[in-house]
Amino acid sequence: MSELTKNVQPLQDFNWDEFENGTVGTASKEELDKAYDETLNKVADHQVVDGKVISVDKKEVVVNIGYKSDGIIPASEFRYNTEM
């Protein structure tokens with residue numbers, strides 16, 4: 001067991017009954033949707049964003065753009081690059 005997990009203590013105020021019954025929290029669906037939307041960055045179609053190339057193969061290039069999912073670009077988009 002690692003040092004980080006040895007001393008993990010349970011939350012004192014955690015309500016297991018609410019958790020097991022699916023009634024955790026008092027926020028409405030609208031409040032949760034708003035909070036969720038505020039934490040995610042949005043990417044619009046045709047928007048140019050910076051990213052880091054994760055992998056390259058003959059069919060596609062996978063790029064981490066710092067959002068929920070990685071971007072996948074078909075290798076055919078790089079047809080002018082003689083190094084591929």
Side-chain angles (χ1 to χ4, degrees):
M1 191 180 307
S2 78
E3 290 297 317
L4 295 175
T5 58
K6 276 186 186 177
N7 298 319
V8 174
Q9 299 296 319
L11 296 174
Q12 296 300 321
D13 61 347
F14 190 81
N15 187 327
W16 283 102
D17 291 328
E18 284 184 357
F19 176 77
E20 290 174 356
N21 294 323
T23 58
V24 176
T26 59
S28 70
K29 181 172 179 354
E30 291 79 19
E31 291 172 323
L32 293 174
D33 286 344
K34 181 181 177 198
Y36 183 74
D37 286 341
E38 289 174 356
T39 61
L40 291 178
N41 297 321
K42 303 215 188 270
V43 179
D45 286 344
H46 306 291
Q47 178 182 354
V48 177
V49 295
D50 290 328
K52 180 179 179 181
V53 174
I54 302 300
S55 69
V56 178
D57 63 27
K58 291 183 178 185
K59 293 184 179 183
E60 61 193 20
V61 176
V62 179
V63 181
N64 180 339
I65 59 173
Y67 293 82
K68 182 179 175 186
S69 300
D70 291 337
I72 299 176
I73 305 168
S76 63
E77 294 288 324
F78 299 97
R79 65 182 170 267
Y80 298 114
N81 185 346
T82 58
E83 293 181 19
M84 284 196 67

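Taking hydrophobic clusters as Ile, Leu, Val, Met, Phe, Trp and Tyr residues chained together by side-chain heavy-atom distances below 4.5 Å, Ile73 shares a cluster with Val56.
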Checklist line | Candidate pair Val61 and Val53, rule side-chain contact (heavy atoms from CB on, under 4.5 Å), full reasoning | finding: CA-CA 7 Å; Val61 176; Val53 174; 4.0 Å; yes
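For Ile65, the side chain to side chain contact (heavy atoms under 4.5 Å, CB included) partners at least two apart in sequence or on another chain are Val43, Val49, Val63, Tyr67. Qualifying side chain to side chain contact (heavy atoms under 4.5 Å, CB included) partners for Asp33, counting only residues two or more places apart in sequence or in other chains: Lys29.
Atom-to-atom distance recorded for Ser76:OG and Glu60:CD is 11.0 Å, nearest 0.5 angstrom. How far CG of Asn64 is from NZ of Lys52: 8.0 Å, rounded to the nearest 0.5 Å.
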